[in-house]
Amino acid sequence: MSSEFLDALSRVTLRASVGIGSIDVVGRWLGGNPALRELFGGPGKAGGAQGHDDGALPGNLPDLFEGEHRRTVLDALEGLRSGRRLADVRDLECRRPDGRIVQLRLDLSVIGEREGAAPEALLVLVEDITVANRIQRELETSEVRLRSVIRAMADGVLLIGADASVELANDRAAELLGRPLDTLRASSLGDFNDLEFLDAEGRTLAQEERPVARTVLTRQPQRDVPLGLRHRDGSVRWIEISTEVIELQGTDQPFSVVATFSDITRRYNAERQLRDREEQLSLVIEGAKLGFWDWDLESGEFAFSDAAAERLGYSPDDVAPHRDALLDLVHPDDRQALIERWAAHLDGSKREFQMDVRLRRKSGGYEWRLVRGRVVRRNENDEPSRMAGTVMDIGERKQLEAKLQELATVDGLTGAFNRRYGQERLEAEVDQSHRLGHPVGFVLLDIDHFKQVNDRFGHGVGDRVLARVSELLRDRVRRTDTVARWGGEEFAMILPGTDADGAAGFAQTVLDGMAAIETPDGVPLSASLGAVSLRKDESATELVRRADRLMYRAKQSGRARVEVEKDD
């Protein structure tokens, strides 16, 4: 060997963590590296031309061992002397000078053998496996304990290898899957194809869709997945399964998948019944268009349910948790009445609380709601401490009421109010005038030559003429005024706060506007009008009678005119 190779070998030997040394054929030490000396009880010290510290090692190799371990070493040396070139002595026990017993792994081999010649020296490799053995024993003990725990677990446990074979299973897993334990332990994932697994919606899962198979294929864990297992009698047992990947980081060793699962049949069925009931209740609430509110009078907290808020376009966080938040949504015309009815229920004068109110949408505008409720809890002094109730969308009901009101009060042909409603409004305005002293104007209008329009062009054209005249009158009046079809081609206009001159002026603007309405042959319409103002202590009937006389006087005076009473 070259000196360079020997120097390199010496440096490697010096730095090796494994004990390396040489002995003669009877076991006397020829030399050893620091790790070897440290192993057998002395401080490591390099020496000799090849990094050995000759004479630093105690005794000879067999003397370091006792009993059967010493005999094993002697037998190995004898074998090497007799021609065997390698002695894998393996695991032995050695007592160090400090009295501590260590486990060693010992390998012996011949150095520089020459064909036909007896060996002169042997290479010794020694590794301390004390810690490794202790860890191995602890692992074995832990595995025994773990298997005992797994066997006793209430949950089923399966350990699946990367090749999809079952490496471990407990009794509970066998019970839940309906397989004998021995059969289960000798099976693989493919052996479960005869079992029908269902997802939470009751759909049969294909093999690759099942949680364990998904984890084996993707190495992704599955968490708390509900699965149904259908039995031959058609019944379904529900289990909840979780899977986890077990692998050694930084190695290429195959991974395993551990699956744990428990019987959740009772819980699943109870939850399904609860979901069904909640869905039924939700459908009832949705159909009834209900929301809820809850008012803690002691803390002042007012809770508006999500459904109640969302029906008005608000998110739950948009409505602050106090009563004023609800009152802020109430139409100003309804707010005081709502507060008073609330108070009447709280003080006991009203047994229940309910009221139709208009609530503001987030986008603007108001919608009708029926707000109702009652006291549901009282304190030790018998004072109301909690109130709860519902908010119901009554928009459709209000629309129906408005339609019925319209049918009862509005003339279907012209869109003006009918005579019955007009008379009611006139009576109300006359009564208020007598109480407060403000004037009331009244105008009666009759379309000139209307019979000729019907005779010449038909009733369809006549109806359209009536509708156009009604539209003209409704465009001319104020919001506080009332236009009513008084009968046939007659219309009445009730003008609160208007005196005789105002009534006459209004009538003239109407007459002027009539010219814009023409018959099919291009002839403009005209009308005869009588304009009056309410007198002191005069009844509504007397007021109408005076206006009617003036309207007929206009007809007799040539039509297309307004008649008013002359001053005495």
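In this text, all values refer to a predicted model and were calculated from it rather than measured experimentally.
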(message) Please determine whether salt bridge (charged side-chain N to carboxylate O under 4.0 Å, His left out) holds for the pair Arg172 and Asp155, giving the CA-CA distance in whole Å, both sets of side-chain angles, and the decisive distance to 0.1 Å.
(response) CA-CA 6 Å; Arg172 184 58 170 160; Asp155 288 349; over 6 Å; no
(request) Just do the side-chain contact (heavy atoms from CB on, under 4.5 Å) check on Ser256 and Glu167 with the steps written out, would you? (result) CA-CA 9 Å; Ser256 299; Glu167 298 178 350; 3.4 Å; yes
(request) Taking the side chain as every heavy atom from C-beta outward, state whether Leu359 and Glu367 have any atom pair closer than 4.5 Å. (result) no
(request) Check step by step if side-chain hydrogen bond (donor to acceptor under 3.5 Å, both in side chains) holds for Thr204 and Glu196. (result) CA-CA 7 Å; Thr204 300; Glu196 183 182 5; 2.7 Å; yes
(message) Test side-chain contact (heavy atoms from CB on, under 4.5 Å) on Leu106 and Asp91; report intermediate values, then the result.
(response) CA-CA 7 Å; Leu106 178 65; Asp91 300 349; over 6 Å; no
(message) As an exercise, state the distance from CZ of Arg105 to CG of Leu125, rounded to the nearest 0.5 Å.
(response) 12.0 Å
(request) Would you mind reporting whether Arg374 and His345 have side-chain heavy atoms less than 4.5 Å apart? (result) yes
(message) Whether the side chain of Asn170 engages the backbone of Val157 through a donor-acceptor N/O pair (distance < 3.5 Å, no angle test) should be reported.
(response) yes
(message) Let me confirm one number: the CD-CH2 distance from Glu301 to Trp295, rounded to the nearest 0.5 Å.
(response) 13.0 Å
(request) Enter the distance from Leu92:CG to Glu66:CD here, rounded to the nearest 0.5 Å. (result) 12.5 Å
(request) For the pair Asp324 (side chain) and Leu327 (backbone), establish whether a donor and an acceptor sit closer than 3.5 Å, ignoring hydrogens and angles. (result) no
(message) Under a 3.5 Å cutoff, is there a donor and acceptor pairing between the side chains of Asp224 and Ser242?
(response) yes
(message) I'd like to know if the side chain of Arg386 reaches the main chain of Arg377, judged simply by a donor and an acceptor atom lying under 3.5 Å from each other, with no hydrogens or angles considered.
(response) no
(message) Give me the atom names and distance for the closest heavy-atom approach of Ile111 to Ser22.
(response) CD1-CB, 4.0 Å
(message) Is it true that Thr72 and Asp75 share a donor-acceptor pair across their side chains at a distance under 3.5 Å?
(response) no
(message) Using modelled atom types and a 3.5 Å cut-off, is there a donor and acceptor pairing between side-chain atoms of Asn379 and backbone atoms of Asn381?
(response) yes
(request) Under the salt bridge (charged side-chain N to carboxylate O under 4.0 Å, His left out) rule, what do Asp393 and Arg369 come out as? Steps first, then yes or no, please. (result) CA-CA 5 Å; Asp393 185 344; Arg369 296 289 188 270; 3.3 Å; yes
(request) Run the salt-bridge test on Arg223 and Glu244 with the 4.0 Å N-O cut-off and return the result as yes or no. (result) yes
(request) Please step through side-chain contact (heavy atoms from CB on, under 4.5 Å) for the pair Val110 and Leu80, ending with a clear verdict. (result) CA-CA 7 Å; Val110 174; Leu80 289 171; 4.2 Å; yes
(request) Give me the one residue out of Leu159, Leu184, Val258 that meets side-chain contact (heavy atoms from CB on, under 4.5 Å) with Leu168. (result) Leu159
(request) Mind telling me whether Tyr268 and Trp238 have parallel, tilted or perpendicular rings, with 30° and 60° as the class edges? (result) parallel
(message) Please evaluate residues Glu209 and Arg203 with respect to the criterion salt bridge (charged side-chain N to carboxylate O under 4.0 Å, His left out), reporting the C-alpha separation (whole Å), side-chain torsions for both, the decisive distance (0.1 Å), and the verdict.
(response) CA-CA 11 Å; Glu209 294 178 303; Arg203 182 178 64 88; 3.5 Å; yes
(request) Kindly indicate whether the side chain of Val212, heavy atoms from C-beta on, has any atom under 4.5 Å from the side chain of Phe261. (result) no
(request) For residues Met387 and Asp296, determine if any side-chain heavy atom of one lies less than 4.5 Å from a side-chain heavy atom of the other. (result) no
(message) So which atom in Ala337 and which in Met355 form the shortest heavy-atom distance, rounded to 0.1 Å?
(response) CB-CE, 3.4 Å
(message) Between Thr390 and Arg372, do the side chains contain a donor N or O and an acceptor N or O under 3.5 Å apart?
(response) no
(message) As an exercise, state the distance from CG of Leu205 to CG of Leu195, rounded to the nearest 0.5 Å.
(response) 12.5 Å
(message) Is there a side-chain contact between Tyr366 and Asp334 in this structure, where contact means two heavy atoms from C-beta onward sitting under 4.5 Å apart?
(response) no
(request) Tell me, yes or no, whether the heavy-atom count around Arg28 atom CZ, taken from other residues, nucleotides or ligands under 6.0 Å, exceeds 12. (result) no
(request) Ignoring hydrogens and angles, tell me if any N or O in the side chain of Arg335 forms a donor-acceptor pair with the backbone of Val330 under 3.5 Å. (result) yes
(message) Is any side-chain heavy atom of Leu177 closer than 4.5 Å to one of Leu158?
(response) yes
(request) Could you tell me whether Arg360 and Asp328 make a salt bridge, using a distance below 4.0 angstrom between a side-chain N and a carboxylate O? (result) no
(message) Once rounded to the nearest 0.5 Å, what's the spacing between atom CD1 of Ile264 and atom CD1 of Ile239?
(response) 8.0 Å
(request) To the nearest 0.5 Å, tell me how far Ile160 CD1 sits from Thr215 OG1. (result) 10.5 Å
(request) Heavy atoms only: give me the nearest Ala121-Leu30 pair and the separation to one decimal. (result) CB-CD1, 3.8 Å
(message) Quick one: does any side-chain atom of Asn269 pair with a main-chain N or O of Arg266 as donor and acceptor, under 3.5 Å?
(response) no
(message) Less than 6.0 angstrom separating the ring centers of His322 and Phe302, yes or no?
(response) no
(request) Show your reasoning for whether side-chain contact (heavy atoms from CB on, under 4.5 Å) applies to Leu227 and Glu240. (result) CA-CA 6 Å; Leu227 286 181; Glu240 188 172 73; over 6 Å; no
(request) In plain terms, say whether Arg81 and Glu78 are close enough for a salt bridge, that is, a side-chain N and a carboxylate O under 4.0 Å apart. (result) yes
(request) Could you tell me which non-hydrogen atom of Glu208 sits nearest to which non-hydrogen atom of Arg214, and how far apart they are? (result) O-CG, 3.2 Å
(request) Compare every heavy atom of Leu104 with every heavy atom of Cys94, then report the nearest pair and how far apart it is. (result) CB-CD1, 3.6 Å
(request) May I ask you to decide if Val18's main-chain N or O and Asn33's side chain share a donor-acceptor pair within less than 3.5 Å? (result) yes
(message) So Val357 and His331, do their side chains get closer than 4.5 Å, heavy atoms only?
(response) no
(message) Is it the case that the side chain of Thr243 and the backbone of Gln222 share a donor-acceptor pair, with hydrogens and angles ignored and the cut-off at 3.5 Å?
(response) yes
(request) Decide yes or no for Leu77 and Leu122: does some side-chain heavy atom of the first lie under 4.5 Å from some side-chain heavy atom of the second? (result) yes
(request) Provide the closest heavy-atom pair for Pro384 versus Leu297 in the form atom of the first, atom of the second, distance. (result) O-CD2, 3.9 Å
(request) Decide, yes or no, whether a salt bridge links Asp194 with Arg179 under the criterion of side-chain N to carboxylate O below 4.0 Å. (result) yes
